[in-house]
Protein chains: 2
Amino acid sequence: MDQLMDILKRNQLSVTEGRRKILELFLKSDGALAHADVEKKIDAGFDRVTVYRTLQTFVEKGIIHNIPTTDNSILYALCKDNCEAGHHHDNHVHFICDVCDKTICLEHVAIPEVKLPKGYQQRQADLVISGVCDDCR
Amino acid sequence: MDQLMDILKRNQLSVTEGRRKILELFLKSDGALAHADVEKKIDAGFDRVTVYRTLQTFVEKGIIHNIPTTDNSILYALCKDNCEAGHHHDNHVHFICDVCDKTICLEHVAIPEVKLPKGYQQRQADLVISGVCDDCR
DNA sequence: TTATTTTTTGCAACAATATTGCATTTTCGT
DNA sequence: ACGAAAATGCAATATTGTTGCAAAAAATAA
Ligand SMILES: [Mn+2]
Ligand SMILES: [Mn+2]
Ligand SMILES: [Zn+2]
Ligand SMILES: [Zn+2]
């Protein structure tokens with residue numbers, strides 16, 4: 001069975017054209033994608049609402065994860081770690097290139113532990129680094 | 001001279017009621033504020049546009065810095081480090097409490113260095129940790 | 001396969017958030 | 001107090017995100 005179907009089935013999602021197309025887009029794209037990117041890069045004309053709902057579903061199922069940014073955009077990228085529904089455990093650094101503006105998952109760079117002040121309990125950590133990527137030097 | 005004026009003068013900003021009120025709000029508030037918070041918490045009825053422009057100005061001058069989040073909101077907090085116009089160098093961890101929903105600058109917790117893959121050049125780093133804060137345990 | 005149930009989609013309406021140009025007002029330096 | 005420069009409010013517009021509901025598609029049962 002092909003990878004795409006596999007992911008959808010494994011997560012008990014009925015396979016529809018929208019989900020196939022959007023998941024395919026993530027599979028073949030290297031960087032992270034914003035909602036707007038998904039809408040643009042998909043040839044088929046899905047409704048905006050469908051895109052919102054699909055992304056949300058994928059996040060809930062642990063198929064994609066989102067990446068915080070300081071501008072007002074949420075970015076999404078494929079989970080390559082074994083994320084389960086409702087519980088992500090991606091633990092890698094994200095890199096945003098100032099030049100090409102791509103956002104890349106650095107799968108092999110783990111977020112270091114930090115010692116928090118007394119009484120603070122950590123659940124999740126996001127480390128986003130910006131600068132110049134390898135391609136743009 | 002009082003602290004408020006001092007900050008505005010130092011950054012060559014003409015002192016207006018809007019700027020005074022908004023800066024005052026940041027000075028006396030412990031956590032970070034979203035645009036919406038600023039609008040709500042200010043008694044005087046400034047135009048939304050003025051708030052947008054003021055926040056933007058403050059960020060450019062290095063008076064406040066913004067904090068990335070995974071939901072679609074930009075948070076702002078006072079720079080306590082010596083940030084210059086156009087060049088922030090806050091280097092502290094931000095903590096978002098899942099319970100009280102406050103976002104706190106952990107001024108004394110530095111973001112650790114990470115070793116990036118060959119070719120990547122770092123300019124800035126944002127580390128946002130969420131969990132339960134000291135007050136909410 | 002066909003019929004039935006469940007889920008997903010598109011549409012429309014709405015809400016919230018953000019940006020821009022321009023006339024008026026306020027602040028600043030003289 | 002006066003003139004130049006900067007900030008503000010207003011209105012119009014754009015972008016982004018949410019919700020309810022009927023139609024369409026997919027999954028399941030027969
Ligand atoms: Mn990632
Ligand atoms: Mn901070
Ligand atoms: Zn690049
Ligand atoms: Zn708390």
Side-chain angles (χ1 to χ4, degrees), chain A residues 1-2 4-25 32-61 63-64 66-76 85 101, chain B residues 1-2 4-26 32-61 63-64 66-76 85 101 103:
Chain A
M1 185 187 295
D2 107 290
L4 220 147
M5 290 294 196
D6 189 43
I7 295 176
L8 293 177
K9 295 286 189 186
R10 184 168 58 232
N11 289 283
Q12 296 142 42
L13 290 175
S14 39
V15 17
T16 66
E17 196 191 344
R19 288 176 180 168
R20 276 197 286 105
K21 285 276 174 63
I22 292 179
L23 184 49
E24 190 182 7
L25 182 62
L33 300 169
H35 171 98
D37 297 324
V38 175
E39 274 200 69
K40 261 179 252 152
K41 297 200 178 180
I42 288 224
D43 29 324
F46 295 108
D47 195 88
R48 285 166 42 71
V49 180
T50 302
V51 176
Y52 278 113
R53 292 197 270 227
T54 303
L55 291 174
Q56 185 179 308
T57 301
F58 283 0
V59 170
E60 282 165 4
K61 290 292 185 176
I63 298 172
I64 60 180
N66 50 24
I67 302 164
T69 62
T70 43
D71 61 8
N72 236 357
S73 68
I74 308 180
L75 295 177
Y76 302 90
D101 209 48
Chain B
M1 183 185 298
D2 107 293
L4 220 147
M5 290 295 196
D6 188 45
I7 295 176
L8 292 178
K9 295 284 187 187
R10 185 168 58 233
N11 289 283
Q12 295 143 41
L13 290 176
S14 39
V15 19
T16 66
E17 195 191 345
R19 287 176 180 166
R20 276 198 286 104
K21 284 278 174 62
I22 293 179
L23 183 49
E24 190 182 9
L25 182 62
F26 276 103
L33 300 169
H35 171 97
D37 297 324
V38 176
E39 273 201 70
K40 259 177 255 156
K41 298 200 178 180
I42 288 223
D43 29 323
F46 295 108
D47 196 88
R48 285 170 53 69
V49 180
T50 303
V51 176
Y52 278 114
R53 292 196 269 226
T54 303
L55 291 175
Q56 185 180 307
T57 302
F58 283 1
V59 171
E60 282 165 4
K61 290 292 185 177
I63 299 172
I64 60 179
N66 50 24
I67 301 165
T69 63
T70 43
D71 62 6
N72 238 357
S73 69
I74 308 180
L75 295 176
Y76 302 89
D101 209 50
T103 297

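To find a chain, count down the sequence lines: A is the first, B the second, and so on, and within it residues start at 1. Below, all heavy atoms of this structure are taken into account, side chains as well, without hydrogens, waters or symmetry copies.
What separates OH of B:Tyr52 from P of D:dT8 is a distance of 16 Å, to the nearest Å. B:Leu55 places its CG atom 14 Å from the P atom of C:dT17, with the value rounded to the nearest Å. Remark: P of D:dA26 and NZ of A:Lys9 are 11 Å apart, rounded to the nearest angstrom. The distance between atom CD of B:Glu39 and atom C1' of C:dA16, rounded to the nearest whole Å, is 11 Å. Rounding to whole angstrom units, CG of residue A:Leu8 and C1' of D:dA26 are separated by 13 Å. The CZ-C1' distance, from A:Phe46 to C:dG10, rounds to 12 Å in whole Å. Taking atom CD of B:Gln56 as the reference point, atom P of C:dT20 lies 9 Å away to the nearest angstrom. Counting to the nearest Å, the P atom of C:dT8 and the NZ atom of A:Lys21 are 18 Å from each other.
When each of B:Leu13 and A:Thr54 is assigned the nucleotide of DNA chain C with its nearest heavy atom, A:Thr54 is the one assigned upstream, toward the 5' end. Between B:Val15 and B:Ala36, it is B:Ala36 whose nearest contact on DNA chain C lies nearer the 5' terminus. Positionally, the nearest nucleotide of DNA chain D for B:Glu17 lies more toward the 5' end than for the other of B:Glu17 and B:Asn72.
Ion pairing between a basic and an acidic side chain is recognised when a charged N comes within 4.0 Å of a carboxylate O; B:Lys21 and B:Glu17 show such pairing.
Using a 4.0 Å heavy-atom cutoff across all strands shown, A:Arg53 reaches at least one base atom of the nucleic acid.
In this structure, A:Met5 and A:Arg20 have side chains that are in contact, with non-hydrogen atoms separated by less than 4.5 Å. Considering only heavy atoms from C-beta on, B:Asp37 stays 4.5 Å or farther from B:Leu25 through its side chain. By the 4.5 Å heavy-atom criterion applied to side chains, B:Ile42 and B:Ile22 are counted as neighbours.
A sub-4.0 Å separation between OP1 or OP2 of D:dG9 and a side-chain N or O of B:Thr50 is present. Regarding contacts with the backbone of D:dT8, a side-chain N or O of B:Thr16 is found under 4.0 angstrom from either OP1 or OP2.
Ranking C:dT19, D:dA27, D:dA6 by closeness to the A:Ser14 side chain, first place goes to D:dA27. Nearest nucleotide to the A:Arg19 side chain, out of C:dT8, D:dC10, C:dC11: C:dT8.
A perpendicular orientation is assigned to the rings of B:Phe26 and B:Tyr76, their planes being inclined by more than 60° (bins at 30° and 60°).
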